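One structure below.
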Amino acid sequence: MTRRPVVCAALLVLPFSLFGQDSTAKGNTTPFHKGQWAAQFQAGTAFSSLGFIKFRSPTHALVLDLRISGAHREDLGKDSTGASRLDVLSSGASVQARFGWRRYAGDGNRTKVVSHYSFGMLAGFGHSVYAVRQAGHSQLNGWTVGAFGDLGGTYLLTPKFGVGALATAELTYGNSVLKTSSGGRSRMWSIGGSAASASLVATIYF
């Protein structure tokens, strides 16, 4: 229990203290090696994801992150005979892929804590359906492109497993088409972004 405050403090401080170092400087290395793979799992208040990391050197890597979400809801009512009927249906799903470059910083190949930052591109697609009994239905399809950046740190519990935290920000452009059962059709676009959103991260190194 006494180690937890030390770990949390290290994860917060090290990204700022280590990023100022050149990756070729003496002492700025990590336990990782060229050609190594890792799998990263994120869990936050608004999303969860599965990512893959390919190390190009002890301090540089490529990152591919996949985020899939979906929801389905049905509101049931009763007709005049008391039998159940479907009054409202809503269903949706979305998928997003992120590809970027990550830089790591550490204090030797036996260090327990490494910091990192990433930047890259993202693209996604979403589909949703909304239907109301006796009022028709609508369908929305849309895509999103943009850029992202993140900053985080990882505490290596073992050489093959680490836990940490990640703060992410993004800027996106979206375009979607709405179709209704009455024949209506409309197109919408949006530009949006998000400030840093925090998540917990677990990483397995192979």
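These figures come from a predicted structure and were not determined experimentally.
Here the shortest heavy-atom pairing between F206 and A39 reads CE1-N, 3.8 Å. Across P31 and V114, no two heavy atoms sit closer than the pair CD-CG1, 4.1 Å.
Hydrophobic clustering, defined by side-chain heavy atoms of Ile, Leu, Val, Met, Phe, Trp and Tyr closer than 4.5 Å, groups L140 together with L178, M188.
Between T59 and F32, every side-chain heavy-atom pair lies at or beyond the 4.5 Å cut-off. Here the side chains of Q42 and R67 are in contact, with some heavy-atom distance below 4.5 Å.
The main-chain N or O of G174 is never found under 3.5 Å from a side-chain atom of T144 such that the two would form a donor-acceptor pair. Side-chain atoms of S181 come within 3.5 Å of backbone N or O of H137 as a donor-acceptor pair.
If you chain together hydrophobic residues whose side chains sit under 4.5 Å apart, Y173 and L122 never meet in one group. Both M121 and L62 belong to a common hydrophobic cluster when Ile, Leu, Val, Met, Phe, Trp and Tyr are linked at side-chain heavy-atom distances under 4.5 angstrom.
With rounding to the nearest 0.5 Å, the separation of OG1 in T172 from CD1 in I191 is 9.0 Å. Distance check, rounded to the nearest 0.5 Å: CD of Q96 to CG of L66 gives 10.0 Å. Atom CZ of F99 and atom OG of S118 lie 11.0 Å apart (nearest 0.5 Å). Between H127 atom NE2 and S94 atom OG the span is 11.5 Å, to the nearest 0.5 Å. Expressed to the nearest 0.5 Å, how far NE2 of H33 lies from OG of S57 amounts to 12.0 Å.
Every residue meeting the side chain to side chain donor-acceptor pair (under 3.5 Å) condition with S182, not counting sequence neighbours, appears here in chain and number order: T180. Annotation: salt bridge (Lys or Arg N to Asp or Glu O under 4.0 Å) contacts of D87 (sequence neighbours excluded): R85, R133. Evaluation of the ring-ring contact (aromatic ring centres under 6.0 Å, His included) rule for F52 yields no partner, not counting sequence neighbours. For R73, the salt bridge (Lys or Arg N to Asp or Glu O under 4.0 Å) partners at least two apart in sequence or on another chain are D75. By the side chain to side chain contact (heavy atoms under 4.5 Å, CB included) test, K179 pairs with V177, R185, sequence neighbours left out. With sequence neighbours excluded, no residue forms a side chain to side chain donor-acceptor pair (under 3.5 Å) with Q139. A71 is linked by a side chain to side chain contact (heavy atoms under 4.5 Å, CB included) to nothing, counting only residues two or more places apart in sequence or in another chain. By the side chain to side chain contact (heavy atoms under 4.5 Å, CB included) test, T158 is found to be paired with K160, F161, residues two or more places apart in sequence or in another chain being considered. Every side chain to side chain donor-acceptor pair (under 3.5 Å) that S91 has, sequence neighbours left out, goes to H72. The side chain to side chain contact (heavy atoms under 4.5 Å, CB included) search around V63 returns I53, R102, not counting sequence neighbours.
For the salt bridge (Lys or Arg N to Asp or Glu O under 4.0 Å) condition, no pair includes a residue of residues 49-62, sequence neighbours left out.
Using the six-membered ring where Trp is involved, Y205 and F55 have ring planes that are tilted, between 30° and 60° apart.
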Legend entry - Trace of the side chain to side chain contact (heavy atoms under 4.5 Å, CB included) decision for T168 with R98: CA-CA 12 Å; T168 305; R98 299 183 175 210; 3.5 Å; yes
Legend entry - L166 vs H116, side chain to side chain contact (heavy atoms under 4.5 Å, CB included): CA-CA, chis, key distance, verdict: CA-CA 9 Å; L166 191 68; H116 51 78; 3.6 Å; yes
Inset, instruction - Dump the intermediate steps for side chain to side chain contact (heavy atoms under 4.5 Å, CB included) on D65 and F148, then the final yes or no. - result: CA-CA 11 Å; D65 192 62; F148 76 93; over 6 Å; no
Inset, instruction - Check the pair W143 / N175 against side chain to side chain contact (heavy atoms under 4.5 Å, CB included), numbers first and verdict last. - result: CA-CA 6 Å; W143 53 265; N175 197 300; 3.4 Å; yes
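Partner V163 forms a side-chain contact (heavy atoms from CB on, under 4.5 Å) with one of L157, L156, L200 and no other, that one being L157.
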